[in-house]
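Written below as structure tokens is the structure these notes are about.
We use all heavy atoms of the structure for the numbers below, so side chains are in, but hydrogens, waters and symmetry mates are not. In what follows, chains are A, B, ... by sequence order, proteins preceding strands, each numbered from 1.
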Amino acid sequence: MLEIKNLHATVGDKEILKGINLSIKAGEIHAIMGPNGAGKSTLSYVLAGRDGYEVTSGEVLYKGEDLLALSPDERASKGIFLAFQYPVEIPGVASATFLKTAYNAQRKYRGEPEVDAMEFLKLIREKTKELDIKDDMLKRAVNVGFSGGEKKRNEVLQMALLEPDLMLLDETDSGLDIDALKIAADGVNRLRSPERAGLIITHYQRLLDYIVPDFVHVLADGKIVKSGDKSLALELEEKGYAALSAA
Amino acid sequence: MAIRQETVEQVASVSDKYKYGFISDIEADTAPIGLSEDIVRFISAKKEEPEWLLEWRLKAYRHWLTMEEPEWANVHYPKIDFQDIYYYSAPKQKEKLKSLDEVDPELLEVYKKLGIPLKEQEVLAGVEGAHNVAVDAVFDSVSVATTFRERLEKEGVIFCPISEAVRDHPELVQKYIGSVVPYTDNYYATLNSAVFTDGSFCYIPKGVRCPMELSTYFRINAAQTGQFERTLIIAEEGSYVSYLEGCTAPMRDENQLHAAVVELIIMKDAEIKYSTVQNWYPGDENGVGGIYNFVTKRAACRGENAKVSWTQVETGSAITWKYPSCILQGDNSVGEFYSIAIANNMQQADTGTKMIHLGKNTSSTIISKGISAGKAQNTYRGLVRMGRKAENARNHTVCDSLLIGDKCGAHTVPYIENQSRTATVEHEATTSKVSEEQLFYCQQRGLSEEESMALIVNGFCKEVLQKLPMEFAVEAQKLVGISLEGSVG
Ligand SMILES: Nc1ncnc2c1ncn2[C@@H]1O[C@H](COP(=O)(O)OP(=O)(O)OP(=O)(O)O)[C@@H](O)[C@H]1O
Ligand SMILES: [Mg+2]
């Protein structure tokens, strides 16, 4: 599904990604861990196509297609969803409006008929129920005045609605209380299928108890320095990254 | 966060997309170019006006000659040659039109291109039923179609071209014209008083709630014709009316002057809601062409509990100079001003309001949303004056500016004059930028860059958009998107 080959990227003039190689097949969940400032969020932004994150060499294939040639909205409509580490506030735009606009924009891109307000409401109500989110959050402006945890839950809600093929989660667990963590993990697990894949950035192995990954990678200083299965996460939790770089 | 370079560059392309840049070919019946007492007399004669009105026009004209063009606004443009303007032009009238079927088909075509809602076109085309908006269509200087007059007449509402009101209701016109905006008021208003050619007149009798929204579409057409509209609305005690005004203009190389005057008179317990969507041709990306829009709009709340609200969405014109104002004379009277002003490319907008509190317990609310993109300059200029007798008067002002790109400017110029010891004046102002982060966030959810911008800006304007009548709000929302097309890369 996703093939990252020798990816180098700069932000400003600074090289942040220094040759990433990663292959994610449909049906797989990969976890990425690594110290602060290693380049994890940068990787997610590069995959989503954020302006200012410049790829200097390497390539990325998504479903066999050159991902880097696509605009951010095309990538989104083709099924890439990024749950942001820091979700962005959009004053004055009700969450429901935002979600409906996004949902219909993606449907339109794929040549599917847009849904009307009634249909949409039914759909979104299902999702808020699954994720134990109060409906009045839909009336509030996107992320404005949301608590840290609410913002993260809102990201999961958006993902549940848009049903992406490739989920990119950037520290979605940070800031969630214990119950919310389970609910959010359930949300992700509900989307898991042989056709979908996920890349989950986290600092805490606890999340991986709920969303069990097929692979765990350690990203440090712009490179993947170690890969393994779920046990790697446990090992890291015990010993920390320092032990790893010393080894 | 900085907006990328292409964003700034592509801002330039908006005028290519200006949908309404076309010129229609309707024979004009035009006065000789330039301005003189003779021209004023010509206009008055064309309109078959009574002597008192001619005298009033002449007084205005003579006064205008003694005045200087104001220069205090934050707008810059080459000096206007007032002798290089036609002051009168009318679509050629064969005879008095008996029905709308006789309206020039080309004119109907014009309305279609303007995107006048189908329903209203039907009315203009004389289709029966289906419909509740009265349209007093102003084409150039002469009203060519007035509808729903009869239904309104049943309620005692008068809604007609002002020239007809002069003929049919001279006592009302004579009593109120110039009573809110005197002919000596300001350079452009004085000019308007001398040469105004048409506009709407509206009278709501005591206790009547106007059964429909009243709307007027303005359009400037014949080359080099300045438009001098004059609108007069009187709401008698306990009455209510909602008035909609929307306009576009064709593409032009020469700058076109537009100096309208709108006077509103609101009596005890009456209310006028005046909504404007203005998208006249703003000029191209180099600032060539476009309308100069110098408007004087003022409302007088004459009785207790009188209420007026101005809601405006200003996206067009090369230059906008406009300060819809409220004179709150009656005790407990209320003035509101809700404004969205968008300036893109080389547009310059200097707009705001004046709230003059004279009566006790008067209150006013100002919500101004200014959006600047390209190299545009957008100034909010607002005056709040609390008179000596304005006990316990209150004003609350919120003035928000949004910047798109880094070559545009937003300026806020509040004037506060408080002579009342018990009055309160609150002023809040913010300036923000559309961040790259917000755009990316929307795009990551599948919106194109332009859709993202439109969504973000509409969110910024939401409080004001909500104040518009429903049918207008939808149109206005689209317009916000259209007027920012090209402002993102
Ligand atoms: N706009 C920028 N200009 C300069 N440096 C930047 C910019 N954005 C990110 N960086 C740097 O890039 C590096 C990688 O940042 P990134 O956000 O990808 O780290 P991360 O692995 O996600 O860290 P964390 O675990 O703290 O979220 C950091 O050193 C950061 O300071
Ligand atoms: Mg990060």
Residue L99(A) versus chain B: region with a heavy atom under 4.5 Å: neither
Contacting region of T101(A) [heavy-atom separation from chain B under 4.5 Å]: both
Residue, of P91(A), S71(A), G52(A), S77(A), that accumulates the most heavy atom pairs under 4.5 Å with chain B: P91(A)
Residues of residues 158-170 of chain A contacting chain B, heavy-atom criterion under 4.5 Å, by residue number: Q158(A), L162(A)
Backbone N/O of R445(B) and side chain of Q106(A): donor-acceptor pair under 3.5 Å: yes
E426(B), CD atom: more than 12 neighbouring heavy atoms under 6.0 Å: yes
For the student: nearest non-hydrogen atoms of G49(A) and F440(B), plus distance: C-CE1, 3.9 Å
Residue C461(B) versus chain A: region with a heavy atom under 4.5 Å: neither
Residues 123-143 of chain A: residues contacting chain B (heavy atom under 4.5 Å, by number): V142(A), N143(A)
Distance (rounded to the nearest 0.5 Å) between N104(A) CG and E451(B) CD: 10.5 Å
Interface moiety of E89(A) toward chain B, non-hydrogen atoms closer than 4.5 Å: backbone
Closest contact, heavy atoms only, G446(B) versus A76(A): N-CB, 3.5 Å
Sub-4.5 Å side-chain heavy-atom contact between R50(A) and E436(B): yes
Ring geometry between F84(A) and Y441(B) (parallel below 30°, tilted from 30 to 60°, perpendicular above 60°): perpendicular
Residue part contacting chain B, namely of F81(A), when any heavy atom lies under 4.5 Å: both
Residue selection (most heavy-atom pairs with chain B, distance under 4.5 Å) from P87(A), P72(A), A105(A): P72(A)
Partner chain A: residue of Q438(B), E463(B), Q444(B) with the largest heavy-atom pair count (under 4.5 Å): Q444(B)
Atom of L447(B), atom of D73(A) and distance for their closest heavy-atom approach: O-CB, 3.1 Å
Rounded distance (nearest 0.5 Å) linking atom CD1 of I90(A) with atom CZ of F460(B): 14.5 Å
